[in-house]
Number of protein chains: 2
Amino acid sequence: MSRPQTAPPTLEDVARVAGVSRATVSRVINGTRNVDRKIQEVVRAAVDQTGYAPNRAARSLVTKRTGTIALVVSGAGEQGEEDAFASRVFADPFFGRVASGVVGFLRTRGVHPVLMVADTDRAREDVLAFLRQGSADGALLVSTHAEDPLPARLAEAKVPAVLFARPARPVPISYVDLDHQAGAKLAADLLVELGCTQVATITGPLDVPASQNRLTGFRDAMARHGFPYVPIAEGGFTAASGEVAMERLLAEHPGVDGVFAANDLMAQGALNILQQHGKRVPQDVALIGFDDSGPALACRPQLTTVRQPVEDMAAEMARMLLGQVDDPDQRPRSVIFEPSLVVRGSA
Amino acid sequence: MSRPQTAPPTLEDVARVAGVSRATVSRVINGTRNVDRKIQEVVRAAVDQTGYAPNRAARSLVTKRTGTIALVVSGAGEQGEEDAFASRVFADPFFGRVASGVVGFLRTRGVHPVLMVADTDRAREDVLAFLRQGSADGALLVSTHAEDPLPARLAEAKVPAVLFARPARPVPISYVDLDHQAGAKLAADLLVELGCTQVATITGPLDVPASQNRLTGFRDAMARHGFPYVPIAEGGFTAASGEVAMERLLAEHPGVDGVFAANDLMAQGALNILQQHGKRVPQDVALIGFDDSGPALACRPQLTTVRQPVEDMAAEMARMLLGQVDDPDQRPRSVIFEPSLVVRGSA
DNA sequence: ATGAAAGCGCTAACAC
DNA sequence: GTGTTAGCGCTTTCAT
């Protein structure tokens, strides 16, 4: 460290110390081309000695790559409640799992995710501009809203992008998703196996494909078991909405003995209400959640739930995105993950 | 949009369309210097027409600013369980609130947070390198580990940085924090007011200053109320650790009638155990949490808790950091927030 | 195998 | 008030 307070060392500095040209240093750093063994060592020594680290802006300027991707959470833009959207979505354990999977995958690849929230038209334009002028190499999109225009915009801008979950309306864009129907079937099968005969379900917002698929899958499986009618109550993927839904279900169908909630948060809410009404879970009512996120373990009894491997799915998104960045002409692909049943105490 | 598939428009392109020089376009875009009204309009029109957006890399190369800051979560680097750390921390609602506050503040300022996890020495070096060679203008650090060397390293590298919470050992670095002692006192006062006489507390990890302060504040307040002895059980800020701690407390002090848990997650765990042992909350045992995060609302009864305005604190961190970026010679500052009591059903 | 030199897109002196 | 010009630090032909 010969230069205490000064500007960071540049390629030029390293080259001078090593007694070679900038180009050579650049080559050994990037591992391109053949460079003489001996020279490589000399250069590496000079790098260590100077504490050199490449300037990403300069590199990016010439390579047109940033080593950065956007991790964007997109949602409905209720005017004037922007921050509310952000806090709602970041409070959901689901998003934490996505972030965890993405970071876990990217960390070893020298790529960094920048967090963006796209909850208004303005914010969406910002995201688009950010991507279009190359501030990031691509985007990972978690959309919470069916009418989200961002997927289509990204596709038409030909920005490398991967979605979590299939978009509500067809868009030529890559995504990872879960076999929601299979997951719902897992729940239905267990409920029937347990002997439940009055089964109901708390769905997610029905404009979201995942909610629809879970509902459809559940109904189909129940029908196949000889239960053509399944009462439903629509929730909003929050614990509070799960409570409201369960109240309604109980009011309309007091004899319900099995409930499938489309996520763990709503299952948690349902559990609260069930217990409040003196129903024992799982003895009086069997309850199954979806996701297998943190709250499932915090409940008493712990939630039997359909596990969605969110971290793996997020990692796969990142993998796909990087592939797309390397080869922009790749056509859209999708990877579907299989859910699994995690049996705990609630069913 | 005259150039369909080609490279994004540059300043040069805009200048040509507007019939002025690059410099002039740059001036109107950055709002510097006086530029003739009429010309401004012409330029803006040209910008719209071309769909121009400044290239951040190029700009950053000359300004030495990136418009990016690092949001780093730093923690103990248990060898080989890197991803476990990431998923643990991102699963904590606390971190979501930090992210939400940070994003909320930065979004209007054109600054973007990049997410980094520093859980190993290697990862910490990466963060440092990232910052030192100017890939980000500064760092927001949430440290979960008392022995974390990162704050000191950041300080000595003279990287603009702000911590969430005062570092365990003195470091000349800015931070925001909560008056933990005052928060704990709020809890103690309520418990005493409710008539509890056998009060215990579940602490956070005792090497973390925040945990220590909450404990000290609680003990002091209880002592002042005439209760010199307060049984404690140390937890790890997770629901599961709260369960273990509560079990132990109950085993050693079956008559306990008031519990203060150092965060909501542990309070939730404690609640599970209490109810499992047939204790009614709040009738038999009054229970108070800390944070006022999501899980507090999902519990039954809902948690009475000491609110920590995490989003505001995070926003303040971001504000302080940007100030520091603008004036790097600023000396370290700290801002302490006041907690407040949120009374719900558990006490 | 290595060096010289051009240039990525932008800002900031400096002239006019 | 506006244009000219010199780089910022890097990669990458193109020579050698």
Side-chain angles (χ1 to χ4, degrees), chain A residues 3 6-44 46-47 50-68 110 129-130 132-137, chain B residues 3 6-44 46-47 50-68 110 129-130 132-137:
Chain A
R3 357 164 81 237
T6 348
T10 73
L11 256 198
E12 189 71 52
D13 297 327
V14 179
R16 195 173 326 112
V17 171
V20 297
S21 75
R22 286 210 308 272
T24 300
V25 179
S26 174
R27 282 173 192 129
V28 351
I29 285 176
N30 294 297
T32 52
R33 280 292 189 70
N34 313 328
V35 176
D36 188 277
R37 281 283 188 213
K38 303 212 158 191
I39 301 222
Q40 288 202 30
E41 284 170 28
V42 177
V43 170
R44 281 191 216 295
V47 167
T50 52
Y52 171 80
N55 179 314
R56 311 183 91 216
R59 177 178 282 180
S60 162
L61 190 53
V62 30
T63 60
K64 269 85 175 68
R65 287 286 180 72
T66 61
T68 289
F130 190 79
R132 245 191 322 228
Q133 41 92 222
S135 292
D137 299 333
Chain B
R3 357 161 83 236
T6 350
T10 74
L11 257 197
E12 190 70 52
D13 298 327
V14 180
R16 193 172 329 109
V17 171
V20 296
S21 74
R22 286 209 310 272
T24 299
V25 179
S26 174
R27 282 174 191 126
V28 349
I29 284 175
N30 294 296
T32 52
R33 280 288 190 72
N34 315 328
V35 176
D36 188 277
R37 282 282 188 214
K38 304 211 158 191
I39 302 222
Q40 289 201 32
E41 284 170 27
V42 176
V43 171
R44 282 192 215 295
V47 168
T50 52
Y52 171 80
N55 178 314
R56 311 183 92 214
R59 178 179 280 180
S60 162
L61 190 53
V62 30
T63 59
K64 268 87 176 68
R65 288 287 180 71
T66 61
T68 289
F130 190 79
R132 247 192 322 231
Q133 39 93 219
S135 293
D137 299 333

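Chain naming here is simple, since letters A, B, ... match the order of the sequence lines and numbering starts at 1 in each.
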Worksheet, complete the sentence: On a heavy-atom basis, the closest approach of B/Ala15 and B/Val25 is CA-CG2, 3.7 Å
Fill in: B/Ile39 CD1 to D/dT2 P, straight-line distance once rounded to whole Å
4 Å
Which protein N or O atoms sit under 3.5 Å from an N or O of nucleotides 13-16 of chain D?
none

Worksheet item: Got a second to check how far B/Ile39's CD1 is from B/Ser21's OG, nearest 0.5 Å?
Response: 9.0 Å
Worksheet item: Side chains of A/Tyr52 and A/Ile29: does their closest heavy-atom pair fall under 4.5 Å?
Response: yes
Worksheet item: Are A/Thr24 and C/dG3 close enough that a side-chain N or O sits under 4.0 Å from OP1 or OP2?
Response: yes
Item to complete: Please name the pair of heavy atoms, one in B/Thr66 and one in B/Gly134, separated by the smallest distance, quoted to 0.1 Å.
Response: CG2-O, 3.0 Å
Fill in: A/Gln133 to B/Arg56 - nearest heavy-atom pair and separation
NE2-N, 3.6 Å
Discussion item. Whether the side chain of B/Ser26 engages the backbone of B/Arg22 through a donor-acceptor N/O pair (distance < 3.5 Å, no angle test) should be reported.
Written reply: no
Worksheet item: Out of D/dT2, C/dT2, D/dT11, which nucleotide sits closest to the side chain of A/Thr63?
Response: D/dT11
Worksheet entry | Minimum heavy-atom distance between A/Ala46 and A/Ala18, given as atom pair plus value | CB-CB, 3.8 Å
Item to complete: Give me the bend of the helix from C/dA1-D/dT16 to C/dC16-D/dG1, using the axes of the five pairs at each end, rounded to 10°.
Response: 40°
When you compare the protein's N or O atoms with those of nucleotides 8-10 of chain C, which come within less than 3.5 Å of each other, and at what distance?
{"residue": "C/dC8", "atom": "O3'", "partner": "A/Lys64", "partner atom": "NZ", "Å": "3.4"}
{"residue": "C/dG9", "atom": "N2", "partner": "B/Ala58", "partner atom": "O", "Å": "3.3"}
{"residue": "C/dC10", "atom": "OP1", "partner": "B/Tyr52", "partner atom": "OH", "Å": "2.4"}
{"residue": "C/dC10", "atom": "OP1", "partner": "B/Asn55", "partner atom": "N", "Å": "3.1"}
{"residue": "C/dC10", "atom": "OP2", "partner": "B/Leu11", "partner atom": "N", "Å": "2.3"}
{"residue": "C/dC10", "atom": "N4", "partner": "B/Arg22", "partner atom": "NH2", "Å": "2.9"}

Worksheet item: Is B/Val20 close to B/Arg27 at the side-chain level, that is, under 4.5 Å between some pair of heavy atoms?
Response: no
Discussion item. With side chain to side chain contact (heavy atoms under 4.5 Å, CB included) as the criterion, how do A/Asn55 and A/Thr10 come out once you've worked through the C-alpha distance, each side chain's angles and the decisive distance to 0.1 Å?
Written reply: CA-CA 8 Å; A/Asn55 179 314; A/Thr10 73; over 6 Å; no
Worksheet item: Of all heavy-atom pairs between A/Val28 and A/Val43, which one has the smallest distance, and what is that distance?
Response: CG2-CG1, 3.5 Å
Item to complete: Write down the distance between CZ (A/Arg65) and P (D/dG9), rounded to a whole number of angstrom.
Response: 24 Å
